[in-house]
Protein chains: 2
Amino acid sequence: MEEHKSNTSFKPIATRKIYQYILEQFVHLVSTGVLKPGDKIPSERELAESFKVSRPSVREALRVLEIIGLIDIQPGGGAYLKEMELGPFISVVAPLMFSRDRFDLELLEFRELIEIRAIELLPNPLSAEALEPMGRAIGEMRRALQDNDVEAGALADIQFHRSLLLASNSFILQKVLELVVSLFEHAVRGGRSVVLEKQEDAAQLLHDHERIYRELASGNTDQAKKLLSSHLMMVRRYLR
Amino acid sequence: MEEHKSNTSFKPIATRKIYQYILEQFVHLVSTGVLKPGDKIPSERELAESFKVSRPSVREALRVLEIIGLIDIQPGGGAYLKEMELGPFISVVAPLMFSRDRFDLELLEFRELIEIRAIELLPNPLSAEALEPMGRAIGEMRRALQDNDVEAGALADIQFHRSLLLASNSFILQKVLELVVSLFEHAVRGGRSVVLEKQEDAAQLLHDHERIYRELASGNTDQAKKLLSSHLMMVRRYLR
DNA sequence: CCTGTCAACTGGTAATACCAGTTACTATAG
DNA sequence: CTATAGTAACTGGTATTACCAGTTGACAGG
């Protein structure tokens, strides 16, 4: 059972699989800008021929690219590069996360930490393009409230925060918040009650969003920050 | 070009691929605790027969499980479940991240935000098991400083922070910090200069770590927090 | 001009085969 | 008896081939 003591410093030989080489070349081409979002990827058969490997090897590489959200594959169509999205990855991992005890609360606390930091980095004033999706989310939320559609309301709530964070100046915060928000979205769609159920609470949420939106629209970013901050803390207190 | 206006609310039909079904079953078994870390996964051929699908389909599912760091595959051996690790995912995505402008600095700022929050959640007092890897990292850093081995020093620095965050009480912060720290590690191994190069700076880092370690070991968690906080801010100022 | 058809793509899946590495059992040499 | 070498039965990695199903675009006929 014991290992041989060896004075020589032989290092274990790391063998790499073919799909990793393919993956590496793709990532390199993307990170150097040779391939850009929107570009069409050659067909699997062409790639197999170019790389001089078999189609299954190519497919495994594409599978990974799909999971990390770098390409969209349309059966019958082809594969297209896109800006990296965390959605596919999240949808796989989310069940593992939420199976943990009290994950919901932890996630909310984490989101509070990040989102408050993100709004500190909002450009001032906000552009119209940044404001527009927020307005839409509010409209959606108002409609859901009237219809008493809890899930739609929760999703609209998420959409509001998503559009808010997308306006942030920090790339990392955007990605991390996208990840967090996606987790929430997954939880809501899965029927978990990370959301407010009572109508008056939903109305309060809507009201908060509207105030934040108004302040942002009229350029009072600082005031909006304070509102959002207390808004998030209110939500957390509610859930605890 | 215009789409037909349809009053009926037909929703697009989402077709799912076989590997997704397999993936789903696996994730479900793991999240419900039926499968636990350390368990051996049946061979690809057995799985193919159980699921009544072909081996390539099984392999694509396993490939994804490998990328999200849920299984270890040993060629010739078999596949074993493990606690989810972000390493494999990071190693694919890292080049994409660092190709962005000023990503290093953003990452450092983000890490500062998270890590300061994480140390607020450190248990008090720290267990010996939590302290031990920190001590090792310090020893390694000291050795690297004497040898003037910049890369080894940087890796030991990372290892110190990694062992610190692993002691935190928050699952999410652990995972996110693991992600961030892995990104740093990747950058260092890639030869990027996210690290301090001058020897006196490295000595300063080591000195900071030693002080933090001493405070933690003697139970003065609060004092350690303050030290770590100013330590991180110092590092950031240096890089800016 | 619109519409349906058809051929040539695309990715999804299956089946099969072979290679290379691991493992465990076994026979053989000492 | 023990330790070694050999062997057989695994494992995953890769390649090949084939067929299905969906998309696309050109083309012919209304």
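To find a chain, count down the sequence lines: A is the first, B the second, and so on, and within it residues start at 1.
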Measure from NZ on Lys40(A) to P on dT10(C) and round the result to the nearest Å.
-> 7 Å
For the pair Phe98(A) and Phe103(A), name the ring-plane relationship: parallel under 30°, tilted 30 to 60°, perpendicular over 60°.
-> perpendicular
Look at Arg45(B) and dG12(D) and indicate whether a side-chain polar atom (N or O) is within less than 4.0 Å of OP1 or OP2.
-> no
With rounding to the nearest 0.5 Å, note down the distance linking CG in Leu166(A) to CD in Gln159(A).
-> 8.5 Å
Nearest listed nucleotide, side chain of Ser43(A), among dT14(D), dG11(C), dT11(D) = dG11(C)
Starting at CD of Glu60(B) and ending at C1' of dG12(C), how long is that distance when rounded to a whole Å?
-> 8 Å
Closest to the Arg55(B) side chain: dA14(C), dT10(C), dG12(D)?
-> dG12(D)
Across the strands shown, which category fits Glu66(B) at heavy-atom distances under 4.0 angstrom: base, sugar-phosphate, nothing?
-> nothing
Interatomic distance, Gln74(B) CD vs dT11(D) P [rounded to whole Å] = 14 Å
Side chains of Ser170(B) and Gln174(B), donor plus acceptor under 3.5 Å = no
Given atom CD of Glu44(A) and atom C1' of dC9(C), what is their separation to the nearest angstrom?
-> 13 Å
For Ile18(A), which contact category applies under a 4.0 Å heavy-atom criterion: base, sugar-phosphate, or nothing?
-> sugar-phosphate
Under 30°, 30 to 60°, or over 60°: which ring-plane class applies to Phe160(B) and His209(B), parallel, tilted or perpendicular?
-> parallel
Atom CZ of Phe51(A) and atom C1' of dT16(D) are separated, to the nearest Å, by 19 Å
Testing dG12(C), dG13(D), dA15(D) for proximity to the side chain of Val53(A), the answer is dA15(D)
Nearest-Å distance for atom pair CD/P, residues Glu46(A) and dA8(C) | 17 Å
Spacing of Tyr21(A) atom OH relative to dT14(D) atom C1', expressed in whole Å = 14 Å
May I ask you to decide if Ala79(B)'s main-chain N or O and Gln74(B)'s side chain share a donor-acceptor pair within less than 3.5 Å?
-> no
Please report, rounded to the nearest Å, how far the P atom of dT16(C) is from the CZ atom of Arg59(B).
-> 18 Å
Residue closer to the 5' end of DNA chain D, Pro56(A) versus Pro75(A) (nearest nucleotide) = Pro56(A)
Side-chain N or O of Ser57(A) closer than 4.0 Å to phosphate OP1/OP2 of dG13(D) = no
